[in-house]
Participant: 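Okay, here's the structure, questions in a sec.
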Amino acid sequence: MMNDAKPNKFTYPTLLKACGDGGIVAEGKQVHCHVVKLGFAGDGHVKSAGIRMYGYFGMAADARKMLDDEDDDDAVCWNAMIDGYFRCGDVGKALEVFNTMQSERIRPGKFVLTSVLAACAHLGALDHGRWVHAYVRRKKKSIVMDAVLGTALLDMYAKCGRLDMAWEVFESMKEKEVFSWNAMIKGLAMHGRADDAVELFFEMQRRKFRPNGITFIGVLNACAHSGAVEQALKLFDSMENVYNIEPEVEHYGCLVDCLGRSGRLEEAEELVNSMPIEPNPAVYGSLLGACRIHGNAELGERIGRLLLELEPNNSGRYALLSNIYAKAERWDDVAEVRKLMKERGVKTNPGSSMIELGGCVHEFKMGEGCHPKMKEIYSTLKVMIERLEMEGYVPNTSQVLFNIEEEEKETALQYHSEKLAIAFGFISTKPGETIRVVKNLRVCDDCHSAIKLISRVYGREIVLRDRVRYHHFRDGTCSCKDFW
DNA sequence: GTAGGGTTAG
């Protein structure tokens, strides 16, 4: 017989997976059609591979349709769906699906729990993450804490502001891999603990783990956010000389960031011009950010104009350039950048802050009044700001039309999203309880100084994660030492 | 008998 090579249901999971990995959408859809025609769509292996493929394509709705169409689904299918929503940027949906899965009495194993922890980490959903941790502990006979699950758990704690718990998990892990060390190093870096991050970098080598390119992104990042320029230069040089790792564009970006933040703008620019690989927009972005911090309008203008052509749709770049002009009181240029943005139809990226209370994630956007307690939140905030003003706080909103690196505009009653989230935290927690907020953009100068004061005046610890790092406010100071 | 799963960075 010559029919041996005819495709059967065993062929399709591999095929779907390959389409997903290769990002070939048209082919993938076609394979899916075949699968349906041949009646294989209900098979668990086929189904999970299809869901995963659509997730990789960024087509969450199609993935969901596959999940819902046939009812033969197991944990692998659900896991593909959770991961799919995560990839598509709908992290809240990922957690929702996890709940649906459990209501259908499918028991999560280590794979699902790992995906869920990644979603919690992203959202800053500490309570959800803690629940997973408790679940893993409860089921320790059936769920083995391997390096991947442990890493996801410690990463969740670090990204949710609990560096102490991240460390505890890390230390207790019997199985560690390079990525576990990387996650812990990055966690320390995010929290501004540069010395500890570098120390751990050496410790991993004493334990015979070889740093890789990602490890270096972690340590270089740590240096950038603590002003440890010499350390960063030394580490960067050692990449090739000692570790035989060729620096990639991201590593150059870290170094440019580090030099620039520390005010060594000439060296930063020199590095951008002399680096052996083509700088990407992120590298120029670091340089532009440094120009804002240090008020260098001359360099800022050159780099800003370049970036506006490289990335005409990135609203953050316009905001940053406009900010640099505003700082130099070049108001005509500020207006021109805004006009350019309007002409090109560039949409601003709205700031949003999340706070998790009672197992529920609340999201706030500036100027948005849809939260049921919005009235109370605004009046609380008004009272708080008045109190701060008595303590010497001066709202810093007069000068710039856009805020830091970003796009938010602030008027008397339009508070930045983190202020709204914090006010909501105040009316929803007991006195003395730590307030934890996660923001999608970077924190601005004004909010930063206001929150410092809030932490002192109201005796509250406030933990704020912005787009790149943590700020622990306590007793009038911030863990970033005002260097961010 | 053959096939489908999770982590760190960007």
Side-chain angles (χ1 to χ4, degrees), chain A residues 4-5 7-21 35 40-56 63 66-67 72-84 86-87 94 98 106 108-122 132 136 143-156 158-159 166 169-170 173 175-190 197 200 204 209 211-222 248-254 280-283 285-286 467-468:
Chain A
D4 288 359
N8 57 29
K9 71 171 179 179
F10 297 107
T11 320
Y12 290 100
T14 318
L15 213 52
L16 290 162
K17 182 181 188 303
C19 292
D21 290 342
V35 159
F40 298 148
D43 180 84
H45 289 255
V46 171
K47 196 172 159 172
S48 64
I51 296 168
R52 179 182 179 275
M53 176 187 79
Y54 281 120
Y56 271 54
M66 271 197 96
L67 180 74
D72 173 37
D73 38 54
D74 55 13
V76 187
C77 292
W78 286 93
N79 190 31
M81 194 63 243
I82 291 167
D83 188 55
F86 184 45
R87 275 173 196 281
F98 176 57
I106 311 236
K110 64 178 179 182
F111 291 96
V112 170
L113 295 170
T114 303
S115 301
V116 169
L117 284 168
C120 294
H122 191 91
V132 173
V136 171
I143 297 171
V144 179
M145 176 88 90
D146 61 15
V148 180
L149 180 56
T151 302
L153 187 59
L154 88 81
D155 184 55
M156 179 279 294
K159 291 202 174 124
V169 171
F170 179 71
M173 283 167 64
E175 241 186 83
K176 291 190 185 78
E177 295 288 343
V178 172
F179 53 73
S180 319
W181 293 85
N182 288 353
M184 195 64 231
I185 287 170
K186 178 73 191 175
L188 288 162
M190 267 191 95
L200 201 62
M204 75 183 276
F209 286 92
N212 60 22
I214 295 172
T215 320
F216 277 96
I217 288 175
V219 278
L220 289 172
N221 215 266
E248 291 171 53
V249 69
E250 289 81 10
H251 300 105
Y252 283 96
C254 288
N280 63 9
V283 173
S286 295
R467 208 189 52 207
V468 301

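In the text below, chain A, chain B and the rest are named by the order of the sequence lines, each starting its count at 1.
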Participant: For A:I214, answer base if it contacts any base atom (sugar-phosphate contacts may also be present), sugar-phosphate if it contacts only those atoms, and nothing otherwise; contact means non-hydrogen atoms under 4.0 Å.
Facilitator: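 Base contact - A:I214 has a heavy atom under 4.0 Å of at least one base atom.
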Participant: A:N79 near the nucleic acid: base, sugar-phosphate alone, or nothing, with a heavy-atom cut-off under 4.0 Å?
Facilitator: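 If one applies the 4.0 Å heavy-atom cut-off, A:N79 turns out to touch a base.
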Participant: Would you mind classifying the nucleic acid contact of A:G44 as base, sugar-phosphate or nothing, using non-hydrogen atoms under 4.0 angstrom?
Facilitator: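 Here A:G44 touches the bases of the nucleic acid.
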Participant: What is the nucleic acid contact for A:L149, judged by heavy atoms within less than 4.0 Å: base, sugar-phosphate only, or nothing?
Facilitator: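 Base, at least one base atom sits under 4.0 Å.
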Participant: Should the ring pair A:H251 and A:F216 be called parallel, tilted or perpendicular, given that the plane angle runs from 0 to 90° and is split at 30 and 60?
Facilitator: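 Rings of A:H251 and A:F216: perpendicular, over 60°.
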Participant: How is A:A147 classified with respect to the nucleic acid when contacts are heavy atoms under 4.0 Å: base, sugar-phosphate, or nothing?
Facilitator: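 Here A:A147 touches no strand at all.
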Participant: According to side-chain hydrogen bond (donor to acceptor under 3.5 Å, both in side chains), who are the partners of A:N182, at least two apart in sequence or on a separate chain?
Facilitator: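 Checked A:N182 against side-chain hydrogen bond (donor to acceptor under 3.5 Å, both in side chains); matches are A:N212, A:T215.
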Participant: A:F86: which residues meet the ring-ring contact (aromatic ring centres under 6.0 Å, His included) condition with it, sequence neighbours left out?
Facilitator: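 ring-ring contact (aromatic ring centres under 6.0 Å, His included) list for A:F86, sorted by chain: A:H122.
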Participant: What contact category does A:D43 fall into here, base, sugar-phosphate, or nothing, at under 4.0 angstrom with non-hydrogen atoms?
Facilitator: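 The residue A:D43 makes base contact.
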Participant: Walk along DNA chain B from 5' to 3' and tell me the first and last nucleotide with an atom closer than 4.0 Å to a non-hydrogen atom of chain A.
Facilitator: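 Counting from the 5' end, contacts occupy B:dT2 to B:dG10.
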Participant: Reckon A:V112 touches a base, only the sugar-phosphate, or nothing at all at heavy-atom distances under 4.0 Å?
Facilitator: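 A:V112: base contact, heavy atoms under 4.0 Å.
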Participant: Classify the nucleic acid contact of A:K110 as base, sugar-phosphate or nothing, counting any heavy atom under 4.0 Å across all strands shown.
Facilitator: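 Answer is base: heavy atoms of A:K110 come under 4.0 Å of a base.
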Participant: Sequence neighbours excluded, which residues qualify as ring-ring contact (aromatic ring centres under 6.0 Å, His included) partners of A:W78?
Facilitator: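 Partners of A:W78 under the ring-ring contact (aromatic ring centres under 6.0 Å, His included) test: none.
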Participant: For residues 9-20 of chain A, which residue pairs qualify under salt bridge (charged side-chain N to carboxylate O under 4.0 Å, His left out), counting only residues two or more places apart or in two chains?
Facilitator: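 Applying salt bridge (charged side-chain N to carboxylate O under 4.0 Å, His left out) to every pair that reaches into residues 9-20 of chain A, excluding sequence neighbours, yields A:K9-A:D43, A:K17-A:D21.
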Participant: So, using salt bridge (Lys or Arg N to Asp or Glu O under 4.0 Å) as the criterion, who are the partners of A:K47 when residues are at least two apart?
Facilitator: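 Counting only residues at least two positions away or on another chain, A:K47 forms a salt bridge (Lys or Arg N to Asp or Glu O under 4.0 Å) with A:D73.
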Participant: Counting any heavy atom closer than 4.0 Å, what does A:K159 reach on the DNA or RNA strands: base, sugar-phosphate only, or nothing?
Facilitator: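 Sugar-phosphate contact only.
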